[in-house]
Amino acid sequence: MRTILACSVVVGLALCSAITCAARAAEPSPELIAHGKALVAAGGCAGCHTTDPAKPFAGGKRIETPFGAIYAPNLTPDRDTGIGAWTDADFVRAVRTGIAPDGSNYYPAFPYPYFTKMTKDDTLAIRAYLGTLAPVVSRNKPPELRWPFGYRGLMRVWNAMYFKPGLFEPDQSKSAAWNRGGYLVTGLGHCGACHTPKNFFGADRDAQALSGNEVAGWFAPRLDGAARTGLKSWSEADIAEYLQSGRNARSHAGGPMADVIVNSTSRMSDADVRAIALYLKSLPPARRETIVTPPDDAEMKAGQAVYAKLCVACHEADGTGAPRIYPPLPGNALLQSNNPSSTLRIILDGAHTLTTPRAPNAGEMPGYARQLSNEEIAAVTNYIRNSWGNSGLLVTPAQVAKARQQGANGE
């Protein structure tokens with residue numbers, strides 16, 4: 001009897017030891033968690049999934065789309081309202097194919113068409129990091145989409161037409177850094193979600209990848225090698241500085257891009273930011289630049305009068321400004337974009353220079369929505385878009401009125 005009891009104790013201890021070892025083995029390593037944290041920063045996940053900074057990744061943020069609004073879900077490990085009860089397979093399927101654990105489809109405002117390019121190991125590293133967050137009870141809100149877009153079953157048709165699942169395919173003729181940049185830009189970083197034009201159904205126009213797109217009343221500019229409105233005139237160092245600090249000698253970040261820099265690129269490693277810069281500088285123009293007819297003399301004189309009265313003190317008579325404080329206007333790619341939305345938003349609402357650890361000094365431009373008429377704003381916009389060697393399409397008072405209304409509506 002004693003022998004049987006002794007054996008039972010030994011077996012029990014052995015089983016407990018085995019279970020403990022298995023549990024420890026299942027726990028993600030600190031290295032894996034740190035890698036996942038870096039990937040979450042590269043993906044800018046906090047930008048959409050954090051509403052209250054005191055409750056990071058608890059979701060609830062309203063995201064406007066051309067089809068209505070959706071709300072970002074809870075990514076904390078709460079078992080009832082977050083992802084705590086999900087399996088690894090659930091998480092991988094959701095991130096890389098846009099299918100929830102219950103089999104329903106996500107909308108592509110969640111950028112799974114880009115995340116599909118991520119490796120399984122990177123996807124699970126993200127899950128490992130999210131698993132370390134404090135669980136928050138935050139129930140997901142249903143989307144507010146116009147009919148018939150609220151029917152998730154339609155996403156099966158959308159996926160069949162536009163979703164191309166598959167990992168990022170490295171180009172063996174390119175360097176490891178170039179391929180890393182491509183992986184980040186086309187996959188985890190999902191740059192095309194904002195910077196690539198969309199068709200009527202909200203899918204990317206792949207033939208015009210990264211050639212600019214309007215987002216929430218702003219224009220996400222070209223990231224390809226277009227000479228006037230793209231990044232041809234930017235060096236790799238210019239791109240890296242912009243992504244890390246929110247400004248460089250050529251431009252300042254504003255609008256949605258400011259959030260991307262705060263939540264994502266300013267937190268990335270130097271190597272990854274340089275890889276992105278290397279990749280972007282290799283891209284040829286995805287489409288031709290528009291031939292521009294300059295405004296007539298009367299329009300230019302009207303715009304010059306406004307500029308001399310309100311703008312010259314900071315931007316100087318020759319538009320050179322004070323680089324990294326007041327952005328220069330000559331050769332400014334965003335300023336010359338076919339779509340003037342970002343320029344109009346800044347003139348109407350003003351701008352605050354983004355401050356980051358690498359660029360803590362602040363600058364500010366007042367808004368002129370109350371001070372200037374639509375005609376005056378159109379004139380000064382046309383003046384700065386077509387002076388000092390610049391060339392931009394004519395902006396009309398009607399476009400200013402639309403931008404003014406969007407600002408009033410909070411768009």
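Quick note: numbers below take in every heavy atom, side chains included, and nothing from hydrogens, waters or symmetry partners.
Expressed to the nearest 0.5 Å, how far OG1 of Thr229 lies from CG of Leu335 amounts to 11.5 Å. Between atom CG of residue Asn159 and atom NZ of residue Lys164 there is a gap of 13.0 Å, rounded to the nearest 0.5 Å. Once rounded to the nearest 0.5 Å, the distance linking CG of Leu243 with OG of Ser266 reads 9.5 Å. Trp178 contributes atom CH2, which lies 13.5 Å from atom CD1 of Ile276 (distance to the nearest 0.5 angstrom). With rounding to the nearest 0.5 angstrom, the CG atom of Leu75 is 10.0 Å from the SG atom of Cys48. Note that CZ of Arg93 and OG1 of Thr123 are 14.5 Å apart. Values are rounded to the nearest 0.5 Å.
His315 and Tyr307 have tilted rings, their planes meeting at an angle from 30° to 60° on a 0 to 90° scale. The aromatic rings of Phe67 and Phe149 lie tilted to each other, with the angle between the two planes from 30° to 60°.
A donor-acceptor contact shorter than 3.5 Å links the side chain of Thr132 to the backbone of Tyr129. Using modelled atom types, one side-chain atom of Ser282 and one backbone atom of Tyr279 make a donor-acceptor pair closer than 3.5 Å. Put simply, the side chain of Lys232 never gets that close to the backbone of Asp224: no donor and acceptor are under 3.5 Å apart. Checked by atom type and distance alone, the side chain of Arg222 pairs as donor or acceptor with a backbone atom of Arg287 at under 3.5 Å. At least one donor-acceptor pair closer than 3.5 Å links the side chain of Thr356 to the backbone N or O of Ser245. Within the 3.5 Å criterion, the main-chain N or O of Asn332 finds no donor-acceptor partner in the side chain of Arg250. A distance-only check finds no donor-acceptor pair linking the side chain of Arg345 to the backbone of Gly255 [under 3.5 Å]. Checking side-chain atoms of Thr65 against main-chain N and O of Gly68 turns up a donor-acceptor pair under 3.5 Å. Between the Asn179 side chain and the Asp171 main chain, a donor and an acceptor come within less than 3.5 Å of each other. Side-chain atoms of Gln399 come within 3.5 Å of backbone N or O of Thr396 as a donor-acceptor pair.
Side-chain contact check for Val400 versus Leu372: every heavy-atom pair is 4.5 Å or farther apart. For the pair His252/Tyr326, no side-chain contact is recorded, criterion being any heavy-atom separation below 4.5 Å from C-beta on. Between Val136 and Phe57 there is no side-chain heavy-atom pair separated by less than 4.5 Å. Side-chain atoms of Val185 and Leu210, non-hydrogen and from C-beta on, do get closer than 4.5 Å to each other. Between Arg127 and Val95 the shortest side-chain heavy-atom distance does not fall below 4.5 Å. When side chains are defined from C-beta on, Pro73 does not count as touching Phe110, because their heavy atoms never get closer than 4.5 Å. By the 4.5 Å heavy-atom criterion applied to side chains, Tyr114 and Asp204 are counted as neighbours. You'll find the side chain of Leu394 stays beyond 4.5 Å of the side chain of Thr293, heavy atoms only.
Side-chain N/O atoms of Asn338 and Glu289 include no donor and acceptor closer than 3.5 Å. Side-chain contact annotation: Ser341 with Asn339, donor-acceptor N/O pair under 3.5 Å present. Side-chain N/O atoms of Asp90 and Thr87 include a donor and acceptor closer than 3.5 Å. Between the side chains of Arg152 and Ser104, no donor-acceptor pair is found at a separation under 3.5 Å.
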- Going through the checks in order, is the side-chain contact (heavy atoms from CB on, under 4.5 Å) test met by Met268 and Leu184? CA-CA 11 Å; Met268 293 171 65; Leu184 292 169; 4.0 Å; yes
- Task: Could you walk me through whether Thr76 and Asp78 pass side-chain hydrogen bond (donor to acceptor under 3.5 Å, both in side chains), step by step?
- Result: CA-CA 6 Å; Thr76 73; Asp78 180 69; 5.9 Å; no
- Starting from the C-alpha separation in whole Å, work towards a yes-or-no answer on side-chain contact (heavy atoms from CB on, under 4.5 Å) for Lys120 and Arg96. CA-CA 9 Å; Lys120 182 178 180 180; Arg96 293 177 57 193; 3.6 Å; yes
- Query: Taking it one step at a time, do Ile346 and Trp218 satisfy side-chain contact (heavy atoms from CB on, under 4.5 Å)?
  - Reply: CA-CA 10 Å; Ile346 293 169; Trp218 292 76; 4.0 Å; yes
- Message: side-chain contact (heavy atoms from CB on, under 4.5 Å), that's the test. Do Asn386 and Glu299 meet it? Break it down for me.
- Response: CA-CA 11 Å; Asn386 291 279; Glu299 181 75 3; over 6 Å; no
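Pairing each heavy atom of Asp80 with each of Arg139, the nearest pair is O-NH1, 4.5 Å. Heavy atoms only, all atoms of each residue included: Gly392 and Val292 are closest at O-CG1, 3.2 Å. Taking every heavy atom of both residues into account, Thr119 and Leu167 meet most closely at CA-CD2, 3.9 Å. Residues Pro295 and Asn382 approach most closely at CG-CB, 4.0 Å, considering heavy atoms. The shortest non-hydrogen separation linking Glu214 to Phe219 is N-CD1, 3.9 Å. Between Leu188 and Leu39 the shortest heavy-atom distance is CD2-O, 3.4 Å.
The number of heavy atoms from other shown groups lying within 6.0 Å of CD (Glu169) does not exceed 12. Shown here is Arg62, whose CZ atom has more than 12 heavy atoms of other residues, nucleotides or ligands within 6.0 Å. Enclosure of atom NZ in Lys55 is not indicated, since only 12 or fewer non-hydrogen atoms of other residues, nucleotides or ligands lie within 6.0 angstrom.
Checking each of Tyr107, Tyr112, Trp158 against Phe163 for a ring-ring contact (aromatic ring centres under 6.0 Å, His included) leaves exactly one that passes, namely Tyr112. Results of the side chain to side chain donor-acceptor pair (under 3.5 Å) test with Tyr71 over Glu144, Lys141, Lys61 single out Glu144 as the only residue that passes.
With sequence neighbours excluded, the residues satisfying side-chain hydrogen bond (donor to acceptor under 3.5 Å, both in side chains) with Asp318 are Thr320.
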